[in-house]
Asks: 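I'd like to ask some things about the structure below.
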Amino acid sequence: MKYTADGLYASRRSPVMARNIVSTSQPLAAQAGLRMLAAGGNAADAALAAAITLPVVEPTGNGLGSDAFAIIWDGKELHGLNASGRAPAAWSPERFAGQDKMPQRGWESVTVPGAVSAWRAISDKFGKLPFEKLFEPAIEYASKGFAVSPIIAHLWENGAKILHDKPGFAEAFMPGGRAPKAGELFVNPAMAESLRDIAQTGGDSFYKGRLAEKIVAHAREHGAALSAEDLANHTVDWCGTISQSYGDVVLHEIPPNGQGISALMALGILRHCQLEQFGPDDPEALHLEIEAMKLAFADLHTYVADLDHMRDVTVDHLLSDDYLKSRAALIDPARAQDFKAGAPKHGGTVYVTAADEDGMMVSFIQSNYLGFGSGVVVPGTSISLQNRGFGFSLTPGHPNEVAGGKRPFQTIIPAFLMGSDGNPVMSFGVMGGPMQAQGHVQMTLRTQLWGQDPQTAADAPRWQAISGLEVAVEHVLGEETIAALRAKGHHILVETPDQTNFGFGGAQLIAKTDAGYVAGSDPRKDGCAVGF
């Protein structure tokens, strides 16, 4: 691993090195996690305290009504958690008949929220501190207020323009009729009370108690299908992980219903592309990475759904090395292509990572999906609800077709790298919708193939395959590199310096070293890594 402080990329941040570290997208949340470590807690306690604080200080990316996933190294074994919610039992294709796609906002986009259940499940299985203690920083910021940071203020204003008329939104997030400005104190007493209720009941209030009653009453008032039974029947799954080796490391992802499998497919394709002959910013390498990701996405959107509904094409089919080698053979080193799905069977998020001196490492992600999610906020609670129902398909017979009790396709994915020797290497994640799997590939290659430290990898310019031949890149990629990619047929969309484009996500990484840990945090958001 190469440690650089020479301004190789736009940011001049140095990586954070310590025996105990928390890295996330908002400094107050990172400090909340560090408080738990200082109080005798472990990495699980730290990650949870940060995650619980993020709906307060960064409501633009997540809320009490989010979904969540986690990968946890407990010092001996890797664990995967799927806490995403399912569709209301009353949903069916007929409910959405006549529509081209699922609703993007409002109650008809809301599935059962899973984040609160993730907090409780992780605390019960791995935490050292009492569950209630994890809520202390979040309740403090909600009840006493916090100064809104500039990037979040910008996203808040954008969200308010779109969602101001959604049920309950203005009451919770537009005091005085507008979004708070950067530097203004924002106080959220309703969220403080909801957090106290969740803390005191171990999350039961959210699914079976007072808060559940409020959620269901609001749903009923607006003709939504979400019922008390839907909330009460929610369960999390300790699902393990799926993986793909690349060189001396193994990338682990959560099994579908998420997009993590596409990162594994892309890495599997790149194993057959001799990527090591190029440098990390060489247009030849970028071209191969982009093409591999496009191939993986073509299959992802055709075959991936709730694991219980992937009966024809399975995870094993998609990760077969023979199949991925055949996909790699489709890549033309000289020319970009618009790939279609293959035949593998022949015949809008916040991220937290934490690590402690006892060896535990946590990769945790939660999200409302598109900014504030559905835009629906339960009155008197500040519970903003995700819009994960938008991830379902309305195509008849598609494995991801909407159905009651089914999990929709998810974009949020935590990542974890293990060494081929069975030891942990890095806990990391990249926020930003379809950017996440692409970011996992880019972070893995930068840190493991090209030896960049976590901060340098987070600082480096990113690309994102959009659709067809379209690829978005950050302007700092450089004119010559962009020209070389265009010469290969890529339709390049460039983010210019005067744009505020968050489509490239925000990365947080913690790598294990002999001396402890080294962390990187993303300058594209208010990323912050703290440790001792």
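Index from 1, following the sequence.
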Asks: In Å and rounded to the nearest 0.5 Å, what is the CG to CE distance from N20 to M360?
Replies: 12.0 Å

Asks: Determine whether a donor-acceptor pair (N or O, by modelled atom type, separation under 3.5 Å) exists between the side chain of R446 and the backbone of T456.
Replies: no

Asks: Within the 4.5 Å heavy-atom criterion, are I162 and F372 side-chain neighbours or not?
Replies: no

Asks: Is it true that D358 and R19 make a salt bridge, defined as a side-chain N closer than 4.0 Å to a carboxylate O?
Replies: no

Asks: Determine whether the aromatic ring centres of residues H79 and F126 are separated by less than 6.0 angstrom.
Replies: yes

Asks: Taking S66 for its side chain and G63 for its backbone only, find out whether a donor-acceptor pair lies under 3.5 Å.
Replies: yes

Asks: Could you walk me through whether Y517 and T353 satisfy the side chain to side chain contact (heavy atoms under 4.5 Å, CB included) test, starting with their C-alpha distance in whole Å, then the side-chain angles of each, then the deciding distance to 0.1 Å, before giving a yes or no?
Replies: CA-CA 12 Å; Y517 303 98; T353 180; over 6 Å; no

Asks: So, the side chain of S326 versus the backbone of Y323: is there a donor-acceptor pair under 3.5 Å, distance only?
Replies: yes

Asks: A side-chain contact here means heavy atoms from C-beta on lying under 4.5 Å apart; do L445 and L270 qualify?
Replies: yes

Asks: Are side-chain heavy atoms of R105 and S374 found at a separation under 4.5 Å?
Replies: no

Asks: Given 3.5 Å as the limit, does a donor-acceptor pair link the side chain of N400 with the main chain of G391, or not?
Replies: yes

Asks: Any salt bridge linking K488 with E284? Criterion: basic side-chain nitrogen under 4.0 Å from a carboxylate oxygen.
Replies: yes

Asks: Does the side chain of H317 pick up a donor-acceptor pair with the side chain of T314 at under 3.5 Å?
Replies: yes

Asks: Considering all heavy atoms of both residues, which atom of S521 and which atom of R13 are nearest to each other, and what is their separation?
Replies: OG-NH1, 2.8 Å

Asks: Rounded to the nearest 0.5 Å, what separation is found between the CZ atom of R327 and the CG atom of D322?
Replies: 14.5 Å

Asks: Before giving the answer on side chain to side chain contact (heavy atoms under 4.5 Å, CB included), spell out for L324 and M265 the whole-Å C-alpha distance, their side-chain angles and the decisive distance to 0.1 Å.
Replies: CA-CA 7 Å; L324 296 178; M265 294 172 66; 4.1 Å; yes

Asks: The test is side chain to side chain contact (heavy atoms under 4.5 Å, CB included); show your working for L288 and F278 and say whether it passes.
Replies: CA-CA 10 Å; L288 294 173; F278 306 113; 3.8 Å; yes

Asks: The test is side chain to side chain donor-acceptor pair (under 3.5 Å); show your working for N62 and E58 and say whether it passes.
Replies: CA-CA 7 Å; N62 71 138; E58 193 177 345; 5.6 Å; no

Asks: Apply salt bridge (charged side-chain N to carboxylate O under 4.0 Å, His left out) to the pair K512 and D514, showing each step before the final yes or no.
Replies: CA-CA 7 Å; K512 184 79 172 70; D514 292 339; over 6 Å; no

Asks: Are any side-chain N or O atoms of S427 and backbone N or O atoms of V362, one a donor and one an acceptor, separated by less than 3.5 Å?
Replies: yes

Asks: Out of curiosity, T395 OG1 to K101 NZ, how far, rounded to the nearest 0.5 Å?
Replies: 12.5 Å

Asks: Roughly how far, to the nearest 0.5 Å, is CZ of F416 from CD1 of I72?
Replies: 9.5 Å

Asks: On a heavy-atom basis, which atom in L251 and which in A263 lie closest, and how many Å separate them?
Replies: CD2-CB, 4.2 Å

Asks: Under 6.0 Å from the CD atom of E480, do we count more than 12 heavy atoms belonging to anything else shown?
Replies: no

Asks: Mind checking whether T24 and T53 have side chains closer than 4.5 Å, heavy atoms only?
Replies: no

Asks: Without hydrogens or angle criteria, can the side chains of S25 and Q508 be said to hold a donor-acceptor pair below 3.5 Å?
Replies: no

Asks: Return the CD1 to NE2 distance between I466 and H490, rounded to the nearest 0.5 Å.
Replies: 13.0 Å

Asks: Is the shortest distance from a Lys or Arg side-chain nitrogen in R407 or D237 to a carboxylate oxygen in the other one below 4.0 Å?
Replies: yes

Asks: Looking only at non-hydrogen atoms, find the nearest pair between L286 and D281 and report the distance.
Replies: CD1-O, 4.1 Å

Asks: For the side chain of D356 and the backbone of A43, is there at least one donor-acceptor N/O pair under 3.5 Å apart?
Replies: yes

Asks: Test side chain to side chain donor-acceptor pair (under 3.5 Å) on Y351 and S367 and set out the steps.
Replies: CA-CA 8 Å; Y351 175 79; S367 171; over 6 Å; no

Asks: Are the side chain of D45 and the backbone of N42 linked by a donor-acceptor contact shorter than 3.5 Å?
Replies: yes

Asks: Rounded to the nearest 0.5 Å, what's the gap from CD on E253 to CD1 on I413? Could you check?
Replies: 4.5 Å

Asks: Mind running side chain to side chain contact (heavy atoms under 4.5 Å, CB included) on F409 and L300 for me, showing each step along the way?
Replies: CA-CA 10 Å; F409 174 79; L300 175 78; 3.8 Å; yes

Asks: Using a strict threshold of under 4.0 Å (side-chain N to carboxylate O), is an ion pair present between R86 and D308?
Replies: no

Asks: F428 versus I510: any side-chain heavy-atom pair under 4.5 Å?
Replies: no

Asks: Contact between V425 and T447 at the side-chain level, heavy atoms closer than 4.5 Å - yes or no?
Replies: no

Asks: Might you point out which heavy atoms bring S84 and F69 nearest each other, and give the distance in Å?
Replies: CB-CZ, 3.5 Å

Asks: Under 3.5 Å, side chain of K406 to main-chain N/O of E401, donor-acceptor pair present?
Replies: yes

Asks: Could you walk me through whether T411 and R388 satisfy the side chain to side chain donor-acceptor pair (under 3.5 Å) test, starting with their C-alpha distance in whole Å, then the side-chain angles of each, then the deciding distance to 0.1 Å, before giving a yes or no?
Replies: CA-CA 9 Å; T411 57; R388 285 295 168 183; 3.0 Å; yes

Asks: Please tell me if the side chains of Q436 and I365 come closer than 4.5 Å, counting only heavy atoms from C-beta onward.
Replies: yes

Asks: Would you find more than 12 non-hydrogen atoms of other residues, nucleotides or ligands less than 6.0 Å from K325 atom NZ?
Replies: no

Asks: Can you see which heavy atom on A457 is nearest to which on Q452, and at what distance?
Replies: CA-OE1, 3.8 Å

Asks: Please lay out, stage by stage, how H272 and D321 fare under the test side chain to side chain donor-acceptor pair (under 3.5 Å).
Replies: CA-CA 10 Å; H272 301 284; D321 189 57; 3.1 Å; yes

Asks: Is the number of heavy atoms from other residues, nucleotides or ligands within 6.0 Å of CG (D248) greater than 12?
Replies: no

Asks: Just wondering, do H252 and V250 contact through their side chains at under 4.5 Å, heavy atoms?
Replies: yes

Asks: Keeping D522 on the side-chain end and G527 on the backbone end, is there a donor-acceptor pair under 3.5 Å?
Replies: no

Asks: Is K294 reaching over with its side chain to a backbone N or O of Q337, donor-acceptor style, under 3.5 angstrom?
Replies: yes

Asks: To check you understand the geometry: which heavy-atom pair defines the closest contact between L318 and V304, and what is its length?
Replies: CD1-CG2, 3.9 Å

